[in-house]
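Here's the structure we're looking at; comments come further down.
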Protein chains: 2
Amino acid sequence: MRSSRGPGQRAGLSRDRVLDAATDLLAESGAVTMRAVAQRLGVAPNALYSHVADKTELVDGVLDRVLAQVDAPPLEPGGSPGDAMHRLMTSTHGVLIRHPQLVPAFLARQGARGANARHLGAVMLEHLAVAGITGDAAREALRVLIVYTIGFAAFDGAPDERPVPHSELRADFDRGLHWLITGIIESVR
Amino acid sequence: MRSSRGPGQRAGLSRDRVLDAATDLLAESGAVTMRAVAQRLGVAPNALYSHVADKTELVDGVLDRVLAQVDAPPLEPGGSPGDAMHRLMTSTHGVLIRHPQLVPAFLARQGARGANARHLGAVMLEHLAVAGITGDAAREALRVLIVYTIGFAAFDGAPDERPVPHSELRADFDRGLHWLITGIIESVR
DNA sequence: ACCTGAACACCGTTCAAGT
DNA sequence: ACCTGAACACCGTTCAAGT
């Protein structure tokens, strides 16, 4: 368990293993620090810098892994685009509140920019296009929906003296999301 | 400028002066740390603990001071409650994006709980009551509006590679806020 | 290229002591 | 009661060195 490794001896790290450790650590303890990730991997803190530029890049990597859990069903021919958007954002909200420690990072990055985030954004834009909303209007609408979703997730993860129950916050989120999507779709009619 | 004070000598601190220093520091450097506040006051870092329980309490104090800047005009007899709510939340949004470093703290606290925050909430509930929305429905609507406003402020303060211009984010905020308020008011008709 | 050891410049907070 | 000095247990990151 101690350091059975001298200088120069490989520990078998990789970028993937570092991200794995960080993701696990987040799920278990809720906090991610360079030193804790290193400890979990049994290496010196600075060993991580061979596989990750800095903490920001590490957090970005974890963010995109978490976003992979969002359920983004592809466009259905006969379905309602409003319903599809509602489902996608609700799934995103669910994933976020299961990882409250990452929500501030999502906010600071305006919603992440990894591959999974881009995919989710593209799916949303498809739904908006079906609803007749394209170009700048679509990007604005998407930004509003993302802000709302992440904002509510941030609210949920926050500790409070008299905390609002999760179920109630979920209902609030759903109601507001309905107002937003209705407003977005009706703005084009 | 150095410590011309020995142990036992008073520095003339007070809770107000500590909060003043923290507020100024935030406005200038954007970051608030115990040690930086102490340095600005010319005292040892731990001297602050005679006037403030911990960093959380200090940040809470700063938060409420900033919220005092929000313009909350009282209820007008003939005016539209939707417009009044729109103006109040827009003013709040403006104050928040002028203090981007505090926005994460606002999120973590679900929108602050000081005297000013309570006053703003009460004014909003008055407007909602005029619109015919009371009780749980009013509290839900208020929570949705607060989340949206703080969430958008968080988005605004975030650094990004290709940053969305402030003016554009303001327009997005305004549009989404309109959708929300319209949805809230129409939900009761 | 990958890792260690040591160090730097930070944090918030506590404890004992002085007046 | 209010403040200092010293210390503790943390951070992220860098630099030189070893294989």
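Residue numbering restarts at 1 for every chain, and letters A, B, ... go by the order of the sequence lines.
Put simply, CG on A:L41 is 13 Å from C1' on C:dC3, counting in whole angstrom units. In this structure, B:M34 atom CE and D:dC10 atom C1' are separated by 16 Å, rounded to whole Å. One atom, CG of A:D54, and another, P of D:dC11, lie 17 Å apart when rounded to the nearest Å. What separates CG of A:L58 from P of D:dT13 is a distance of 10 Å, to the nearest Å. Atom NZ in B:K55 sits roughly 8 Å away from atom C1' in C:dG12 (whole-Å rounding). The nearest whole Å value for the distance from the CG atom in A:L48 to the P atom in D:dC11 is 12 Å. Whole-Å rounding puts the B:Q39 CD to C:dA9 C1' distance at 13 Å.
Using cut-offs of 30° and 60° for the angle between ring planes, the B:F152 and B:F173 rings count as perpendicular.
Every residue was checked against the side-chain hydrogen bond (donor to acceptor under 3.5 Å, both in side chains) condition with A:Q39, not counting sequence neighbours, and none meets it. Scanning for salt bridge (charged side-chain N to carboxylate O under 4.0 Å, His left out) contacts around A:E186 gives an empty result, with sequence neighbours left out. By the salt bridge (charged side-chain N to carboxylate O under 4.0 Å, His left out) test, B:R170 pairs with no residue at all, sequence neighbours left out. In this structure, the side-chain hydrogen bond (donor to acceptor under 3.5 Å, both in side chains) partners of A:R15, at least two apart in sequence or on a different chain, are A:E57. Among residues two or more places apart in sequence or in another chain, the side-chain hydrogen bond (donor to acceptor under 3.5 Å, both in side chains) test is passed with B:R87 by none.
Each of B:V43 and A:T33 was matched to the nucleotide of DNA chain D holding its nearest heavy atom; the match closer to the 5' end belongs to B:V43. Nearest-nucleotide positions on DNA chain C place A:P45 closer to the 5' end than the other of A:P45 and B:Y49.
A ring-ring contact (aromatic ring centres under 6.0 Å, His included) check over residues 41-91 of chain A, counting only residues at least two apart or in different chains, returns nothing. Judged as a salt bridge (charged side-chain N to carboxylate O under 4.0 Å, His left out), the pairs with a partner in residues 62-74 of chain A (not counting sequence neighbours) are, in order, A:D16-A:R65, A:D20-A:R65.
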N/O donor-acceptor pairs under 3.5 Å from side chains in residues 175-182 of chain A, not counting sequence neighbours:
from   : atom 1 : to     : atom 2 : distance (Å)
A:R175 : NE     : B:E140 : OE1    : 3.1
A:R175 : NH2    : B:E140 : OE1    : 3.3
A:W179 : NE1    : B:G183 : O      : 3.3
A:T182 : OG1    : A:H178 : O      : 2.7

Can you give each donor-acceptor pair under 3.5 Å made by side-chain atoms of residues 126-137 of chain A, sequence neighbours left out, with the distance rounded to 0.1 Å?
from   : atom 1 : to     : atom 2 : distance (Å)
A:D136 : OD1    : A:R139 : NH2    : 2.9

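For the strand DNA chain C, secondary-structure stems (runs of at least three Watson-Crick or G-U pairs, all distances below 3.5 Å) span C:4-8 with D:12-16, C:12-16 with D:4-8.
Looking at heavy atoms from C-beta onward, A:P45 lies in side-chain contact with A:R35 at the 4.5 angstrom threshold. Annotation: side chain of A:L26 is in contact with side chain of A:V62 (closest heavy-atom distance under 4.5 Å).
Of the candidates C:dC3, D:dG12, D:dC3, C:dC3 carries the atom nearest the A:L13 side chain, counting heavy atoms from C-beta on. Comparing D:dC3, C:dT4, C:dT13 by their nearest atom to the side chain of B:S50 picks out D:dC3. With D:dT4, D:dC3, C:dG12 as the candidates, the nucleotide lying closest to the side chain of B:A44 is D:dT4.
Shown for residues 16-25 of chain A: no residue has heavy atoms falling under 4.0 angstrom of DNA chain C.
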Please list, for nucleotides 6-8 of chain D, all pairs of protein and nucleotide N/O atoms separated by less than 3.5 Å.
from  : atom 1 : to    : atom 2 : distance (Å)
D:dA6 : N6     : B:N46 : ND2    : 3.2

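B:H51 has no side-chain polar atom (N or O) that falls below the 4.0 Å cut-off from OP1 or OP2 of D:dA1.
Residue B:A47 is classed as a base contact, given a heavy-atom separation below 4.0 Å to a base.
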